[in-house]
Amino acid sequence: MRDKAAGLPLVIAPEVAAALAERHPVVALESTIVSHGMPYPDNLAMAQTVERIVHDHGAVPATIAVIAGEFRIGLDAAALKAIAADRQAAKASSRDLAIMAVQKRNAGTTVSATMLLAALAGIEVFATGGIGGVHRGAEQTFDISADLIELGRTPVAVVCAGAKSILDIPKTLEVLETQRVPVIGVGTSDFPAFFTRSSGCKTDLRLDTAAEIAAAIKLHRQLGSGSGLLIANPIPEADSLDAAMIDTIIADALAEAEQRGIAGKAVTPFLLDRINKLTAGASLKANIALVKNNAALAAQIAVERAKLA
Ligand code: PSU
Ligand code: MN
């Protein structure tokens, strides 16, 4: 990674650099969920708690963001606060990173940008809430998240709670298959729908333990396919929302987005904000719970991965 990264404005936090050098477990965390996915100050509290959970499970957290044009792998308290509180922060997918650096901007990194930077730094395991995917109506709008393309070409394992039904989940799973991304259900063969434990779609594969998942990550990388892996970890039952309730609210939010002509990178943040308001905060609570659950699993996977050569 040192060669590939030479000359880049890449800053790896000391604790993360030390862990990587010693092959200790490290978990990457994204920051668009902080800058654009949740309101302040809940976003900052969530980001701090998730880092603590990764620590508590024996791994080092590396929250990734662009701060004043620097690609930061691991944020200190000031940088984490900046990305949570700066309402001017950009939303950077992988295509945007170079421009963010030239413009010396603050930017939350999406799943795609976080994967790219994690891979550069040598981090194999990444925890998030939900990935971007194929939007409903994509046959008209062509709105397909760059997350799916990055998953097809960057060898990082992404632990998520599936994809929410603001997306077209069957089409999202089709693109993941085309992109050669194994979709692994954790303890289930049902692909989870973020707020609920099942989308009604099946995963290709099921694994039940962190050790099995770590072994699969190692072998998948050794095969050299170059693609990532999607680890689909359902929201805990106690935190999940009522499927009929959330489906109605998502339908309302989608109708409002269409009516207001929301397009491009604004779509996902708009829908998340509307859903949070329409559920009177219940969606935010569930979102935070599932991110914590994913962080704990990702740390366990990273710990098991570090035990393998
Ligand atoms: N889904 C969520 N919360 C989020 C996102 C998705 O429930 O914060 C963010 C992630 O950073 C994801 C990005 O990578 O949105 C996808 O954006 P788009 O759909 O514009 O590709
Ligand atoms: Mn999009």
Side-chain angles (χ1 to χ4, degrees), residues 28-40 42-43 46-47 50 63-66 83-84 89-97 107-118 126-152 154 156 158-169 171-172 175-176 192-196 199 228 230 232-233 235 239 241 246 249-250 253-254 257-258 262-276 279 282-295:
L29 300 163
E30 64 143 315
S31 51
T32 291
I33 191 175
V34 180
S35 61
H36 290 73
M38 292 181 189
Y40 181 80
D42 305 81
N43 59 351
M46 180 279 301
V50 164
T63 302
I64 294 180
V66 186
I83 212 69
K91 171 181 168 186
S93 79
S94 45
R95 71 169 182 169
D96 302 311
L97 288 170
T109 50
T110 65
V111 169
S112 70
T114 306
M115 286 183 78
L116 187 152
L117 291 173
F126 164 20
T128 184
I131 57 161
V134 180
H135 282 260
R136 295 201 212 167
E139 58 275 31
Q140 259 91 45
T141 62
F142 278 47
D143 191 348
I144 301 174
S145 175
D147 292 354
L148 301 183
I149 309 304
E150 201 66 47
L151 276 160
T154 300
V156 170
V158 180
V159 180
C160 71
K164 62 169 71 60
S165 54
I166 61 173
L167 302 171
D168 186 321
I169 293 176
K171 286 194 183 71
T172 298
V175 172
L176 287 165
F194 198 84
F195 296 123
T196 57
S199 63
L230 194 66
N233 187 32
I235 185 172
D239 300 307
L241 299 183
I246 196 70
I249 280 174
I250 285 173
L254 282 166
E258 193 177 336
I262 309 290
K265 70 204 289 180
V267 170
T268 300
F270 175 85
L271 292 172
L272 296 176
D273 182 58
R274 287 308 296 152
I275 293 166
N276 182 34
T279 59
S283 70
L284 177 62
K285 204 160 152 262
N287 196 344
I288 292 170
L290 67 84
V291 177
K292 290 190 202 171
N293 189 48
N294 293 343

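Computed from heavy atoms alone, side chains included, the values below leave out hydrogens, waters and symmetry copies. Just so you know, ligand 1 is whichever comes first in the structure, and atom 1 is the first atom listed for that ligand.
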Next on the checklist: Considering non-hydrogen atoms of the protein only, which is the closest contact for atom 8 (O) of ligand 1, and what is the distance?
Outcome noted: Ile33 CA, 3.3 Å
Checklist entry - So, is Phe194 polar-close to ligand 1, with some N/O to N/O distance under 3.5 Å? => result no
Checklist entry - Does the pair Thr110 and Lys265 meet the rule for a side-chain contact (heavy atoms from CB on, under 4.5 Å), with working shown? => result CA-CA 11 Å; Thr110 65; Lys265 70 204 289 180; over 6 Å; no
Next on the checklist: What's the separation between atom CG in Leu284 and atom CG in Asp273, rounded to the nearest 0.5 Å?
Outcome noted: 10.0 Å
Checklist entry - Is any N or O atom of Thr110, backbone or side chain, closer than 3.5 Å to an N or O atom of ligand 1? => result no
Checklist entry - Side chain or backbone of Asp147 under 4.0 Å from ligand 1, or both, or neither, by non-hydrogen atoms? => result side chain
Item to check | Nearest-0.5 Å distance, CZ of residue Phe270 to CG of residue Leu254 | outcome: 9.5 Å
Item to check | Minimum-distance protein heavy atom relative to atom 9 (C) of ligand 1 | outcome: Thr32 CG2, 4.0 Å
Checklist outcome for this item: Atoms of ligand 1 under 4.0 Å from any heavy atom of Gly37, numbered from 1 in the order shown, are 8 (O)
Checklist entry - At what distance, to the nearest 0.5 angstrom, does CG of Leu241 lie from NZ of Lys164? => result 11.0 Å
Item to check | side chain to side chain contact (heavy atoms under 4.5 Å, CB included) partner of Ile144, the single match among Asp147, Leu148, Thr141 | outcome: Leu148
Checklist outcome for this item: A student checking ligand 1 against His135 at a 4.0 Å heavy-atom cut-off should list atoms 19 (O)
Checklist outcome for this item: To the nearest 0.5 Å, atom CD1 of Ile131 lies from atom OG1 of Thr268 at 11.0 Å
Next on the checklist: Applying side-chain contact (heavy atoms from CB on, under 4.5 Å) to Lys292 and Asp239, what does each step give before you reach the verdict?
Outcome noted: CA-CA 11 Å; Lys292 290 190 202 171; Asp239 300 307; over 6 Å; no
Item to check | side-chain contact (heavy atoms from CB on, under 4.5 Å) assessment of Ile166 paired with Arg274 | outcome: CA-CA 11 Å; Ile166 61 173; Arg274 287 308 296 152; over 6 Å; no
Checklist outcome for this item: protein heavy-atom neighbour closest to atom 7 (O) of ligand 1 works out as Lys164 NZ, 2.2 Å
Checklist outcome for this item: At under 4.0 Å between heavy atoms, what of Leu272 touches ligand 1? The answer is side chain
Next on the checklist: Heavy-atom pairs closer than 4.0 Å: do any link ligand 1 to the side chain of Lys91, the backbone, both, or neither?
Outcome noted: side chain
Checklist entry - Hey, which N, O or S atom on Asp143 ends up closest to the Mn ion (ligand 2)? => result OD1
Checklist entry - Looking only at N/O atoms, are Thr268 and ligand 1 under 3.5 Å apart anywhere? => result yes
Checklist entry - In the protein, which heavy atom is nearest to atom 6 (C) of ligand 1, and how far is it? => result Gly130 O, 3.5 Å
Checklist entry - Under 4.0 Å from any heavy atom of Ser145, which atoms of ligand 1 are there? => result 18 (P), 21 (O)
Next on the checklist: Could you walk me through whether Val111 and Glu150 satisfy the side-chain contact (heavy atoms from CB on, under 4.5 Å) test, starting with their C-alpha distance in whole Å, then the side-chain angles of each, then the deciding distance to 0.1 Å, before giving a yes or no?
Outcome noted: CA-CA 8 Å; Val111 169; Glu150 201 66 47; over 6 Å; no
Checklist entry - Should the proximity of Glu30 to ligand 1, defined as any heavy atom under 4.0 Å, be assigned to the side chain, the backbone, both, or neither? => result side chain
Checklist entry - How long is the span from the CG atom in Asp42 to the CG atom in Asn276, to the nearest 0.5 Å? => result 8.0 Å
